[in-house]
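What follows is a single structure, written as structure tokens, with notes after it.
For the single chain, residues carry numbers from 1 onward in sequence order. Model, not experiment: these values are computed from the prediction. Any value given below was found using the heavy atoms of this structure, including those in side chains, with hydrogens, waters and symmetry copies removed.
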Amino acid sequence: MKDLRIEKLANNLLKHSINLHKGEKILIEIIGMDAIPLGKEIIKLSECIGTFPFFNIIDYEIMREILKNSTEEQIQVYAKHDLQRMKDMDAYIGIRASTNTAELNGISQEKIELYNKYYTLPVHIEERVKNTKWCILRYPNASMAQMSNMDTESFENFYFDVCTLDYDKMS
């Protein structure tokens, strides 16, 4: 059964948070499989608006394996391709729904610094933040509910009550 709150949230994100317009290109980036339903809804609504949706799914367990033994050159090549994709975008929505928010703990500080210097800085800080309309949000899942010391259903209800308000009416 379709959760209408997801449709309403997608609508808020596209129309209020990033003000997406016909002909624009949007990258929907998902971290964690729990966020797939929202990603799909954003893609559907983007297409209805007449925009061009693109997607990227990141899994932190896979990212962990890459970062453990990555080289500076490897991270630079990874960044080069994602930077070009980001340059092609007008908008970006990042949906975070990690099942383990500590998945990258234990990666050496050196590898994290390389990743931040050669990937995060050029792709996200210099390009996305400065040149796209963007929004990043956490998506409700068991991990997020646990961090809030709530059961999953109660946290989900709280989350959607807040995130599906009529923000246009409020402004």
Side-chain angles (χ1 to χ4, degrees), residues 1-64 82 85-86 88-105 107 112 115-116 119-120 123-171:
M1 187 166 116
K2 185 175 180 177
D3 188 339
L4 297 178
R5 301 174 304 178
I6 294 172
E7 183 178 338
K8 192 169 182 182
L9 175 57
N11 189 60
N12 276 358
L13 290 167
L14 294 174
K15 294 183 178 174
H16 181 79
S17 298
I18 62 170
N19 193 24
L20 197 63
H21 296 286
K22 183 177 181 176
E24 291 183 316
K25 295 176 291 301
I26 179 173
L27 176 61
I28 300 105
E29 188 168 73
I30 297 168
I31 297 175
M33 300 309 282
D34 290 342
I36 296 290
L38 178 58
K40 287 170 55 177
E41 195 61 39
I42 291 170
I43 289 169
K44 289 176 192 173
L45 289 175
S46 295
E47 291 169 338
C48 289
I49 294 170
T51 68
F52 303 101
F54 298 86
F55 75 96
N56 188 35
I57 298 174
I58 297 172
D59 183 285
Y60 274 0
E61 289 183 54
I62 299 293
M63 178 67 74
R64 177 181 183 74
D82 279 7
R85 178 176 51 188
M86 194 67 76
D88 291 338
M89 297 299 130
D90 301 297
Y92 171 93
I93 293 178
I95 310 165
R96 311 297 188 245
S98 297
T99 54
N100 180 357
T101 58
E103 193 64 56
L104 298 181
N105 287 1
I107 300 296
I112 296 296
Y115 181 77
N116 286 335
Y119 186 89
T120 304
V123 176
H124 289 284
I125 306 303
E126 294 298 324
E127 184 59 35
R128 174 184 53 83
V129 170
K130 293 181 179 180
N131 298 306
T132 67
K133 302 184 288 184
W134 60 273
C135 178
I136 296 176
L137 71 151
R138 295 283 313 266
Y139 188 79
N141 63 4
S143 175
M144 197 173 176
Q146 184 177 33
M147 287 188 295
S148 300
N149 202 27
M150 296 175 74
D151 66 271
T152 305
E153 183 179 1
S154 296
F155 182 79
E156 215 176 70
N157 289 334
F158 168 75
Y159 176 93
F160 281 112
D161 285 348
V162 172
C163 292
T164 58
L165 290 171
D166 187 343
Y167 286 101
D168 289 330
K169 188 176 181 180
M170 289 173 58
S171 60

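Ile18 and Tyr92 get closest at one heavy-atom pair: CG2-O, 4.3 Å. Heavy-atom minimum distance, Tyr60 versus Leu104: O-CD2, 3.8 Å.
By the 4.5 Å heavy-atom criterion applied to side chains, Asn56 and Arg85 are counted as neighbours. The closest side-chain heavy-atom distance from His124 to Glu29 is below 4.5 Å. For the pair Phe55 and Ile30, the minimum side-chain heavy-atom distance is 4.5 Å or more.
Formation of a donor-acceptor pair under 3.5 Å by the Lys25 side chain with backbone atoms of Phe54 is not found in this model. Side chain of Asn12 to main chain of Cys163: a donor-acceptor pair is present (N/O by atom type, distance under 3.5 Å, no hydrogens or angles). At distances below 3.5 Å, at least one donor-acceptor pair connects side-chain atoms of Arg64 with backbone N or O atoms of Asn105.
With values rounded to the nearest 0.5 angstrom, Lys22 atom NZ is found 11.0 Å from Thr51 atom OG1. Rounding to the nearest 0.5 Å gives a distance of 9.5 Å between NE2 of His16 and SG of Cys135. Note that CE of Met89 is 8.0 Å distant from CE of Met86, once rounded to the nearest 0.5 Å. Atom CE of residue Met144 and atom CZ of residue Phe155 lie 3.5 Å apart, to the nearest 0.5 angstrom. Distance check, rounded to the nearest 0.5 Å: CG of Asp90 to CG of Leu20 gives 8.0 Å. Distance check, rounded to the nearest 0.5 Å: CD1 of Ile28 to CD1 of Ile42 gives 6.0 Å.
Around atom CE of Met147, more than 12 heavy atoms belonging to other residues, nucleotides or ligands sit under 6.0 Å away. More than 12 heavy atoms of other residues, nucleotides or ligands sit less than 6.0 Å from atom CG of Asp166. The number of heavy atoms from other shown groups lying within 6.0 Å of NZ (Lys133) is above 12. Few gaps surround CD on Glu126; more than 12 heavy atoms of other groups in view lie less than 6.0 Å from it.
A salt bridge links Glu41 to Lys2: one of the charged nitrogens lies within less than 4.0 Å of a carboxylate oxygen.
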Set out, in order, the CA-CA distance, both residues' side-chain angles and the distance that settles side-chain contact (heavy atoms from CB on, under 4.5 Å) for Leu38 and Leu137, then state yes or no.
CA-CA 11 Å; Leu38 178 58; Leu137 71 151; 4.2 Å; yes
Yes or no on side-chain contact (heavy atoms from CB on, under 4.5 Å) for Ile26 and Leu14, after CA distance, side-chain angles and deciding distance?
CA-CA 10 Å; Ile26 179 173; Leu14 294 174; 3.8 Å; yes
Give the C-alpha distance, both sets of side-chain angles, the deciding distance and a yes or no for side-chain contact (heavy atoms from CB on, under 4.5 Å) between Ile57 and Ile36.
CA-CA 9 Å; Ile57 298 174; Ile36 296 290; 3.7 Å; yes
Residues Glu103, Ile31; criterion side-chain contact (heavy atoms from CB on, under 4.5 Å); working and verdict:
CA-CA 12 Å; Glu103 193 64 56; Ile31 297 175; over 6 Å; no
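With sequence neighbours excluded, no residue forms a ring pair (Phe, Tyr, Trp, His ring centres under 6.0 Å) with His21.
The aromatic rings of Tyr139 and Tyr159 lie perpendicular to each other, with more than 60° between the two planes, well past the 30° mark.
At a cut-off of 3.5 Å, with distance as the only test, a side-chain donor of Asp82 or Tyr119 sits close to an acceptor on the other residue.
Among Thr152, Thr99, Asp34, the one residue that satisfies the side chain to side chain donor-acceptor pair (under 3.5 Å) test with Asn141 is Asp34.
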